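Structure first, then comments.
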Amino acid sequence: MANREIIIVGGGMVGALSALLLAKHGDTLHLIEKSPVLMPEQGEPFDLRVSAFSAQSKHLLEQAGVWDDIPLDRLCAYQGLETWEKGSQKLAFSSDDIGAEQLGYIAENRWIQAVLWQRLKQLANVHFYEQTEVVNITQHVDTENKNSQRIVTVTLADQQTIRADLLLACDGGNSGVRKHLQLPVTSWDYRQHCLLINITTDSAQQSVTWQEFRETGPCAFLPLAGNNASLVWYHSPQKIKLLQSLNNQQLKQTILAEFPKLEFDFEVHNKGGFPLTRRHAKKYYQGSVVLVGDAAHTINPLAGQGVNLGFKDVQCLVELLTQCSDLSIPEILKRYQCQRRPANLLMQTGMDVFYKVSKSDDPLIRIIRKSFLGVAQQSGQIKNRVMRYAMGIN
């Protein structure tokens, strides 16, 4: 069993999962979270922040022992995924085609975070620093240690200090740790915003998630548990600002007039918009501090791969820390960077190309785009291999 002192800054899904998996291996964890973490009530309306969890992500949550803690009435399995451009053939994926029970699950981020924290609170080797934040980080070599081990020290807002062997920055796309260390990033604004809209429908829980691509940006439907669903609408910042200014009834009428056709009646309950930005750290670590999840990379949410990429970071780092205990922390972090940065960059680049091509109004690109969807639908095993890769199934 390991016996390291590890600081984790950020107690969201990625940070909490990292803490739980490492604590189970015997490390002592110091979890710092600036926002209050509350257990949601089961009868509460669905939150706007939801994620599509792949089979690989589900396996990690099972490994952490929390998957069965998620209430069934907050969890939606989906068996189908469809994508198309208006007027083109649909590219459809089905779990039946790859011999799986489902392609993935859609759940609220806050429920995943809550069940992880619920388990963490039961562990004696996890220490919590809630509703506070890091104001300073220093690193130095411990000359009293025969291995000349590097020590990380953080100072909190209340001037409390914590010393550890390793610090995981899991504090999101605007990572304060990354900024404090002045780790460079490449970033740009997609010049589009995204509106999330929670609705209730007059039909039972659906099992297919879909996206229609338009020159103004894609529109998507995400089924949620019961007769709930989430609509995702990409458009210009001006259009999204206008949509946000509408009341729920006005927004419903606009959806009926401008959104892809919905095969059911519905009512709008909540909405919220955000800008689309891309970030990627040029280096994932400095000394004994490492970036994990959105702190290292943010991706266009087009295919819902953000949380799954973050969980892949967690899996890789935890495996290296637990299986390569004979190596120094910086060497382990170097291996982590070598494995995860190219993989994340490839996914980011693929999503960017797909996103830009989907919005192009060039006639030739439109013809190629429509032809590609038709060819892809008939590609058989190639299409299924793509889906298995996205799900994290070998």
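What you see is a predicted model; the values in this text were computed from it and never measured.
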Counting only N and O atoms by type, is there a donor-acceptor contact under 3.5 Å from the side chain of [X] to the main-chain atoms of [Y]?
X: Asp171; Y: Val177; answer: yes
X: Gln102; Y: Gly104; answer: no
X: Arg178; Y: Gly173; answer: yes
X: Asn228; Y: Thr200; answer: no
X: Asn227; Y: Asp202; answer: no
X: His30; Y: Glu5; answer: no
X: Asp27; Y: Ala23; answer: no

Same cluster (ILVMFWY, side-chain, under 4.5 Å), [X] and [Y]:
X: Val152; Y: Ile329; answer: no
X: Ile162; Y: Leu120; answer: no
X: Leu246; Y: Leu262; answer: yes
X: Phe266; Y: Val208; answer: no
X: Val134; Y: Leu183; answer: yes

[X], [atom1]: over 12 other non-hydrogen atoms inside 6.0 angstrom:
X: Gln122; atom1: CD; answer: yes
X: Lys239; atom1: NZ; answer: yes
X: Lys334; atom1: NZ; answer: no
X: Glu101; atom1: CD; answer: no
X: Gln182; atom1: CD; answer: no

Next on the checklist: side chain to side chain contact (heavy atoms under 4.5 Å, CB included), that's the test. Do Asp313 and Val14 meet it? Break it down for me.
Outcome noted: CA-CA 9 Å; Asp313 288 353; Val14 166; 6.0 Å; no
Checklist entry - By ring pair (Phe, Tyr, Trp, His ring centres under 6.0 Å), which residues pair with Phe274, not counting sequence neighbours? => result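 Ring pair (Phe, Tyr, Trp, His ring centres under 6.0 Å) check on Phe274 returns nothing, list empty.
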Item to check | Distance under 6.0 Å and angle within 45° of ring axis: Arg74 vs Phe46 | outcome: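 Checked: cation-pi criterion met.
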Would you call [X] and [Y] a side-chain contact if the rule is heavy atoms closer than 4.5 Å?
X: Gln79; Y: Phe93; result: no
X: Leu20; Y: Lys24; result: yes
X: Glu212; Y: Arg214; result: yes
X: Met13; Y: Phe311; result: yes

Item to check | Derivation and outcome, side chain to side chain contact (heavy atoms under 4.5 Å, CB included), residues Val50 and Leu222 | outcome: CA-CA 9 Å; Val50 301; Leu222 304 176; 4.0 Å; yes
Next on the checklist: Less than 3.5 Å apart, any donor N or O on the side chain of Gln211 or Glu82 sitting next to an acceptor on the other?
Outcome noted: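 Gln211 vs Glu82: no donor-acceptor pair found between side chains.
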Checklist entry - Using the benzene-type ring in the case of Trp, are the ring centres of Trp233 and Phe259 under 6.0 Å apart? => result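 For Trp233 and Phe259, the ring centres are under 6.0 Å apart.
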Next on the checklist: Before you tell me yes or no, could you show the steps for Tyr105 and Trp67 under ring pair (Phe, Tyr, Trp, His ring centres under 6.0 Å), namely the whole-Å CA-CA distance, both residues' side-chain angles and the distance that decides it to 0.1 Å?
Outcome noted: CA-CA 11 Å; Tyr105 296 83; Trp67 182 257; 5.0 Å; yes
Item to check | Verdict with supporting geometry, Arg4 and Asp165, salt bridge (charged side-chain N to carboxylate O under 4.0 Å, His left out) | outcome: CA-CA 6 Å; Arg4 297 187 180 100; Asp165 306 303; over 6 Å; no
